Amino acid sequence: MSAPEQPDTGIVRPYGDTTGDGMVQLSFTLPIPHDKRAEGAAAQLARKMGLDPALVVHAKPIGESHTFFVVYGQVSHLVDVSKVEVFERDYPLLTPKEVNLAIREGLRRRLVVVGGCIGTDAHTVGIDAILNIKGFAGEKGLEYYREVKVVNLGAQVSVPELVERARAERADAVLVSQVVTQRDAHILNTKEMSAAFREAYPAGRRPLLVIGGPRFDEAMSADLGVDRVFTRGTTPGEVASYIVARLLPDHVAAVATSQTEVQSA
Amino acid sequence: MSAPEQPDTGIVRPYGDTTGDGMVQLSFTLPIPHDKRAEGAAAQLARKMGLDPALVVHAKPIGESHTFFVVYGQVSHLVDVSKVEVFERDYPLLTPKEVNLAIREGLRRRLVVVGGCIGTDAHTVGIDAILNIKGFAGEKGLEYYREVKVVNLGAQVSVPELVERARAERADAVLVSQVVTQRDAHILNTKEMSAAFREAYPAGRRPLLVIGGPRFDEAMSADLGVDRVFTRGTTPGEVASYIVARLLPDHVAAVATSQTEVQSA
Amino acid sequence: MDRVIDPVMDKPASKLDLDPAAVRTARTLAQAAGRPIVDLARQHTTVSVERATLRLGGLAGADTDGIPWVNRLLDAVRGDVGLEHGTALPVWDALVRGEADDLAALAERASSGSVRFRLPEGAAAGRARSAARTSVGAGIRRMEERRRERERLIERLGDAPRQPWIYLIVATGDIYEDIPQAQAAAREGADVIAVIRSTGQSLLDYVPEGATREGFAGTYATQENFRLMRAALDQTSAELGRYVRLTNYASGLCMPEMAALAGIERVDMMLNDSMYGILFRDINPIRTFVDQRFSRQIHARAGIIINTGEDNYLTTADAVEAAHTVTVSQLLNEYFAKEAGLENWQLGLGHAFEIDPAVPDSFRMELAHALLARQLFPDAPLKWMPPTRHMTGDVFKGYLLDGFFNLAGALTGQGILLVGMMTEAVVTPWLSDRDLALQNVRYVLDAAGRLGEDFHPAPDGFIAQRARQVLAEAIELLEKIHSHEGQAGLLEAIGDGTFGLMRRPADRGKGLDGVALKADGYYNPAIEMLDASAEENNQ
Amino acid sequence: MDRVIDPVMDKPASKLDLDPAAVRTARTLAQAAGRPIVDLARQHTTVSVERATLRLGGLAGADTDGIPWVNRLLDAVRGDVGLEHGTALPVWDALVRGEADDLAALAERASSGSVRFRLPEGAAAGRARSAARTSVGAGIRRMEERRRERERLIERLGDAPRQPWIYLIVATGDIYEDIPQAQAAAREGADVIAVIRSTGQSLLDYVPEGATREGFAGTYATQENFRLMRAALDQTSAELGRYVRLTNYASGLCMPEMAALAGIERVDMMLNDSMYGILFRDINPIRTFVDQRFSRQIHARAGIIINTGEDNYLTTADAVEAAHTVTVSQLLNEYFAKEAGLENWQLGLGHAFEIDPAVPDSFRMELAHALLARQLFPDAPLKWMPPTRHMTGDVFKGYLLDGFFNLAGALTGQGILLVGMMTEAVVTPWLSDRDLALQNVRYVLDAAGRLGEDFHPAPDGFIAQRARQVLAEAIELLEKIHSHEGQAGLLEAIGDGTFGLMRRPADRGKGLDGVALKADGYYNPAIEMLDASAEENNQ
Ligand code: B12
Ligand code: B12
Ligand SMILES: Cc1ncc(COP(=O)(O)O)c(C=O)c1O
Ligand SMILES: Cc1ncc(COP(=O)(O)O)c(C=O)c1O
């Protein structure tokens with residue numbers, strides 16, 4: 001830990017107890033019975049993952065046909081921090097006051113948000129955290145914003161149902177949550193949803209599509225066919241700020257300039 | 001788990017909850033402060049290790065300069081079980097009776113074994129498990145063998161001291177234990193030891209050199225300059241059988257043939 | 001029949017001395033709240049109740065599109081004569097009239113529109129009634145046989161070695177992956193295997209058919225999957241010399257049919273809550289209460305242990321603030337269960353270790369809550385659920401938390417311990433997660449399982465006081481429900497969001513169209529027979 | 001001065017009611033066994049005692065080959081006049097005679113052979129004596145200042161927030177890696193940081209010099225490393241608003257010098273056992289007992305808390321069979337410590353959670369052993385050591401086991417909790433292991449730390465009975481030791497393998513050549529001053 005020079009060069013290695021030692025811990029199961037060969041197979045996998053030396057420190061049979069392993073070892077891989085492209089927030093974080101102001105000036109009516117969990121997913125805690133007044137992480141949810149009308153459809157909404165409500169409500173933005181990821185359910189459902197909206201609306205007229213859930217990758221919006229992906233730990237404020245920034249860029253720019261004062265106020 | 005055909009072909013992948021899903025768990029620390037970039041760096045390392053997708057499911061700052069990560073994901077690597085070369089036991093497992101018999105017939109005197117922990121290592125439990133009557137895993141130690149004379153030098157024996165005692169006792173085999181592995185202490189000490197024996201004895205006349213410890217690789221004997229490496233879970237019987245097999249091959253062959261009967265007896 | 005209760009369980013009950021008067025008040029209020037709901041349930045029937053009756057009558061299988069024959073037949077009948085009289089009379093009348101040799105044939109002809117159903121009158125009605133009674137009776141006897149078979153197997157092979165029973169989940173979505181995983185888990189020490197259902201099945205108004213391999217985050221509950229898994233576990237039970245129980249779900253829109261299929265295939269436990277469907281699946285309240293009563297009568301007859309779903313409240317609400325809602329739900333579940341003829345040993349009332357571990361004294365508070373349930377329901381095999389919402393990607397911390405959950409279960413004499421998984425926040429359990437989890441349970445039970453001997457909450461200490469407080473808050477809530485105007489205060493309460501802040505009005509929610517007010521002359525041989533036995537029980 | 005004792009600790013003592021007579025017997029037997037050893041210790045001196053005296057006299061540093069000046073000087077003196085009169089007279093006589101201006105210069109000249117030492121007589125002896133008294137007294141006063149400094153810092157910054165103190169190990173081998181890791185650990189909640197020594201240092205008959213970066217599985221204990229780490233922790237203590245303690249080892253061949261250096265550099269705790277060196281390092285028994293008494297007198301004066309090493313017995317012997325050997329060793333350590341002037345609050349008597357987790361009721365047995373120690377030594381800050389030998393490569397299981405170790409520590413009111421590492425069987429602790437381990441401790445103490453309120457071992461239950469049994473076996477062993485012929489039965493007992501099956505005859509073992517029977521006229525100003533205070537204490 002002695003102030004390693006590496007971070008400056010942007011090149012780092014995993015840290016066990018000495019700078020640069022490259023140590024990692026690994027566990028997995030192989031579908032083979034436990035014996036010396038199995039331990040060798042575990043070491044082989046670890047080496048393929050770049051561990052050298054690879055110490056198989058634990059091997060436990062699970063039934064007659066599987067074996068669980070814990071492996072410790074040193075990876076040769078270097079991590080180039082400078083090559084990590086992080087998905088930076090490209091919009092100013094606004095207070096509810098500022099969001100309301102932007103909408104009042106920019107839209108002259110309440111902004112309409114329709115949200116829910118699509119497909120068979122019934123995990124509403126996440127979307128509720130964004131929409132319900134109660135909010136999340138100390139921030140109030142969108143229902144709290146005077147200038148935002150929230151229509152929360154709740155759990156297991158079918159895609160057609162969602163599209164129909166979005167139209168009926170003249171939604172400016174549609175917020176969808178997907179938590180169950182087994183067999184890529186979240187990916188498939190989201191693509192189905194975005195396709196349905198492309199179908200239902202004339203090009204460029206469809207509402208802003210926002211998807212969220214703990215296991216999404218923020219960089220995926222393009223191939224999911226949505227405008228934005230939010231993931232672990234999102235707060236309502238981020239979502240509100242994003243929506244107005246996208247729908248009312250000029251007015252946001254306006255309030256955003258005076259941001260520092262407002263916030264310190 | 002549905003009887004995968006893979007094991008037949010010898011190709012397997014890690015098993016999470018479905019055959020072939022390739023799922024593994026990984027944890028490590030990077031010497032960088034916790035932020036989005038750090039999580040990206042963790043994902044980068046995981047990808048370099050072959051995880052794709054790689055889910056960074058936990059990130060926890062340790063002080064200001066380090067971050068701990070837990071990552072789950074799917075590795076693309078295939079494990080070729082047929083390519084694993086296991087270090088097979090190349091000598092018959094004998095009972096104490098058989099070992100004593102072989103020595104009596106082959107040597108006509110007691111076989112002398114000198115053992116201890118060299119260098120600064122004071123972990124004697126391992127070598128004692130092999131040498132002391134008490135033994136290990138239900139098997140009695142070498143002291144229990146009527147035809148074996150055991151000289152246990154205990155902990156922190158210096159290499160010169162070991163060589164000298166080996167000569168004084170006319171040792172047939174020298175058993176050395178190394179448990180502390182930090183900074184490869186076990187490797188360095190063992191090499192120093194074998195070199196010293198090469199020095200001290202005319203070629204081909206030196207006693208059998210056997211090294212053991214939980215973190216050795218059985219395949220290393222050559223570059224360690226010893227005759228055999230024993231590791232985790234070794235039992236005294238294995239060691240005794242190995243020694244006589246090497247020193248008295250013919251007589252072992254003799255008793256070994258009658259083994260099945262003897263053992264079933 | 002209290003087979004499953006052993007000393008380990010009762011002991012802890014004595015550990016809190018609650019005011020018996022308070023306990024009595026709580027029960028009386030629960031009864032007052034539940035009684036009108038029972039009346040409501042008796043006044044209605046549902047498509048699923050009727051389909052379950054047809055299944056008991058012997059109708060199984062599905063058409064080429066996978067639509068079960070019971071749905072096909074019911075829809076035809078409903079089209080001709082409506083639902084309000086029940087399906088028994090029109091269906092068996094048609095058989096008596098010789099429209100077909102058996103139900104299967106009848107269903108097939110009906111769905112091709114070549115049968116017209118009628119409401120038989122007079123003698124015809126009598127004939128239809130007795131024909132129906134005969135075949136449905138056979139179905140009920142079949143369940144009774146399976147029950148006796150279970151009892152014999154337990155006799156012969158032996159029961160779970162100790163309490164709490166170790167309850168493990170499999171959830172691959174593929175029955176053929178589930179089976180060997182379940183067997184491996186049993187070999188590693190699981191006493192109960194639950195096959196988690198695929199997401200969304202609860203909202204299907206039919207029961208899928210056959211062996212399935214493509215569930216999402218769970219495996220479809222089908223008669224064939226029940227059969228396959230039960231057969232596999234019978235084999236493993238024989239091999240292990242102890243009877244390994246199987247759990248599934250009587251929940252969602254097909255609750256009654258699930259119960260019937262479970263009875264027929266000797267599933268041993270069913271998740272079956274009186275309000276879960278309403279609150280967490282937005283299923284119409286009346287639909288739920290009607291289906292629930294029927295399914296519980298089936299469970300009573302089939303000797304199935306129910307598991308209620310109070311744990312779910314704590315996944316959306318805070319486990320400290322909402323602790324009393326768990327108690328209220330347990331009391332309601334107890335009332336509805338008893339009314340339906342279930343005995344104490346069949347009441348796997350749920351609760352969970354869901355307090356934020358960052359809360360000071362969180363572990364002691366968990367003990368207080370667990371002991372409260374233990375003492376309120378001394379003869380019920382409580383279902384103790386592991387931490388879930390405060391589990392994170394830190395699998396090490398999660399593994400520790402699960403260990404303390406196990407300890408709390410042992411210290412407070414829980415009957416059924418649902419084994420927690422360190423990957424709770426990450427994936428549905430891996431094979432290795434389950435193996436590690438069982439190792440965790442085994443260590444805690446073997447090393448500290450009997451620590452109860454030395455665990456004596458100080459009479460006015462933290463634990464005793466917390467337990468009293470929760471009971472008091474529960475009574476308050478029950479009074480609030482009671483004070484609701486309208487003959488069924490509980491419905492109103494559910495309607496205005498008293499539970500988990502979710503408003504579920506009685507005239508909304510999924511499956512309402514499958515509910516009908518019974519007409520006079522409604523006849524259902526299953527209800528006839530089940531009510532009879534239930535009455536006996538409640539004498 | 002009982003600052004470190006708080007209610008949390010005493011309470012549990014009342015939890016077992018041991019027979020006071022048995023407890024008295026045990027102590028009397030330990031005293032009987034120890035007394036002759038103390039006499040032996042007073043009759044001998046060792047090279048390390050003399051070198052420690054020179055260090056107190058102000059001699060530090062090493063020559064170009066890294067041989068400390070104290071060794072150089074001592075060897076020269078010993079060569080000229082032998083060891084049996086001590087070094088003080090010949091050395092300060094030489095200074096008085098003007099052989100050099102100070103000890104450093106004298107050592108330098110001596111090692112180049114240009115000084116001849118003599119045993120001064122009459123007036124010369126008087127002058128040498130008072131010169132020695134002056135400079136060694138300065139060293140002792142220096143330690144006392146550091147002690148007051150510690151007390152002031154604790155006053156000002158505050159002490160550890162609760163008991164047990166959280167004790168963490170760093171062991172990189174490189175003091176410059178150790179420092180930031182220690183600071184990180186303190187920030188994460190460690191109350192005590194121990195810097196593990198490099199393997200083999202215990203058998204060096206000199207103390208290495210300077211800042212070191214190449215230890216094996218530990219970092220060399222040097223005066224400079226002490227200073228660097230203590231300075232770093234002072235900085236962190238200020239930042240955190242609580243005084244973070246530092247631990248090292250007064251053990252091995254340089255035990256007395258380590259004690260002196262610790263006193264001078266304000267190290268707060270030292271591992272210091274009366275028999276560890278004999279049994280685990282094959283150091284000559286007499287050498288050990290002499291060094292041990294002197295080092296403990298230093299610790300007493302410097303206000304250092306000692307940690308004894310009973311935990312080590314359980315790494316070679318079975319924790320159930322050998323439980324009583326721990327108790328015996330604790331009683332002996334207590335006797336020797338008190339005799340040397342240490343007070344109860346300075347006695348970190350060791351014991352460990354080393355029962356095979358596969359043993360039924362292992363956790364309850366651990367509680368029994370821990371409570372026994374707690375009740376036998378109600379005012380000592382017991383040092384509670386984590387599982388090690390039953391830790392395996394299964395780091396998940398290890399993490400759980402450490403959680404139960406933490407719980408046992410909290411339930412039984414241990415004073416110092418050495419935090420266990422999930423990688424115990426794999427590597428010396430990683431940064432992340434330590435962080436995870438602290439998170440484990442924090443969860444257990446916050447969530448269940450006050451569970452003691454509800455923990456009351458049944459009077460004749462499993463725990464109480466086990467504790468009585470262990471005490472009985474301990475008394476038996478003490479009687480066996482007592483019954484050994486020879487004026488020092490304990491020496492005989494050690495010689496014939498009574499402890500940990502290791503035979504350690506009094507006339508063998510490492511460092512014997514460094515022992516000398518004191519001649520009349522032996523003089524050592526340090527012993528003079530320390531004995532004085534020790535006597536006071538034992539009035
Ligand atoms: C609570 C819970 C439940 C509750 C749900 C109650 C409810 N009304 O939501 C109940 C008990 C009903 C439940 C049931 C099931 N669950 Co569940 N459940 C959980 C649990 C414990 C916590 C989830 C949660 O509430 N997190 C807290 C919220 C705030 O976090 P979040 O969802 O990530 O949301 C945040 C961000 O992701 C983001 N976000 C999320 N959505 C959106 C949307 C938008 C537009 C935006 C901008 C942002 C955003 O913002 C939020 C705030 O930061 C997790 C395990 C865990 N610890 O994570 C399992 C878990 C999610 N459940 C799981 C499963 C499998 C189920 C079942 C299918 C099991 C079964 N077969 O019975 C059932 C069926 C549910 C169904 N049909 O979908 C699995 C999913 C596995 C997978 N990865 O596929 C998990 C991971 C548990 C496990 N390991 O098995 N569950
Ligand atoms: C017991 C123990 C001790 C005891 C040792 C008592 C004694 N007389 O042996 C005590 C308390 C004294 C001790 C001290 C230290 N220990 Co220690 N100790 C352990 C512990 C807990 C168990 C080791 C053990 O006994 N295993 C049981 C035996 C039977 O297994 P085994 O040694 O692998 O032997 C088997 C095989 O390997 C093989 N084998 C071994 N040797 C040989 C030789 C031959 C010829 C053959 C054929 C076979 C063979 O056969 C045996 C039977 O199957 C381990 C942690 C752990 N759980 O593993 C740490 C551990 C080994 N110790 C460790 C350390 C660092 C130390 C110290 C250096 C710490 C310190 N700085 O103070 C000290 C100093 C000791 C020294 N100078 O060497 C580290 C080593 C780290 C590393 N990999 O480098 C470990 C891993 C703990 C840790 N994670 O930090 N230790
Ligand atoms: C009582 C009860 N029913 C049903 C379920 C499963 O929910 P569903 O089948 O609706 O997905 C649960 C969830 O654990 C439950 O507790
Ligand atoms: C009392 C005591 N002294 C010393 C040590 C360290 O041993 P050494 O310094 O001899 O390696 C230990 C080991 O933990 C111990 O417990």
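This one's a predicted model, so the numbers in the text were calculated from it and none came from an experiment. Naming convention: chains lettered A, B, ... in sequence-line order (proteins, then strands); numbering from 1 in each chain.
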Output the residues of residues 37-57 of chain B for which the shortest heavy-atom distance to chain A is under 4.5 Å, in residue-number order; output 'none' if no such residue exists.
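Heavy-atom contacts from residues 37-57 of chain B to chain A are B:Arg37, B:Glu39, B:Gly40, B:Ala41, B:Gln44, B:Leu45, B:Lys48, B:Met49, B:Leu51, B:Leu55, B:Val56, B:Val57.
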
Part of A:Val24 lying under 4.5 Å from any heavy atom of chain B:
both

Can you check whether [Y]'s main-chain N or O pairs, donor with acceptor, with [X]'s side chain at less than 3.5 Å?
X: B:Asn189; Y: B:Ala185; value: yes
X: B:Thr234; Y: B:Phe230; value: no
X: B:Ser194; Y: B:Leu224; value: yes

Do the charged groups of B:Arg228 and B:Asp90 touch, with an N to O distance under 4.0 Å?
yes

Engaged part of B:Val79 at the chain A interface, taking heavy atoms whose separation is under 4.5 Å
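Both parts, heavy atoms under 4.5 Å.
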
Which answer fits B:Glu64, side chain, backbone, both or neither, if we ask what part of it has an atom under 4.5 Å from a heavy atom of chain A?
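Neither; nothing under 4.5 Å.
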
A:Val226 side chain reached by A:Val210 side chain, heavy atoms, under 4.5 Å:
no

Less than 6.0 Å separating the ring centroids of B:His58 and B:Phe69?
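No, too far apart.
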
Does anything in residues 235-246 of chain B form a side-chain hydrogen bond (donor to acceptor under 3.5 Å, both in side chains)? List the pairs, not counting sequence neighbours.
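Applying side-chain hydrogen bond (donor to acceptor under 3.5 Å, both in side chains) to every pair that reaches into residues 235-246 of chain B, excluding sequence neighbours, yields B:Glu139-B:Thr235, B:Tyr242-B:Arg246.
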
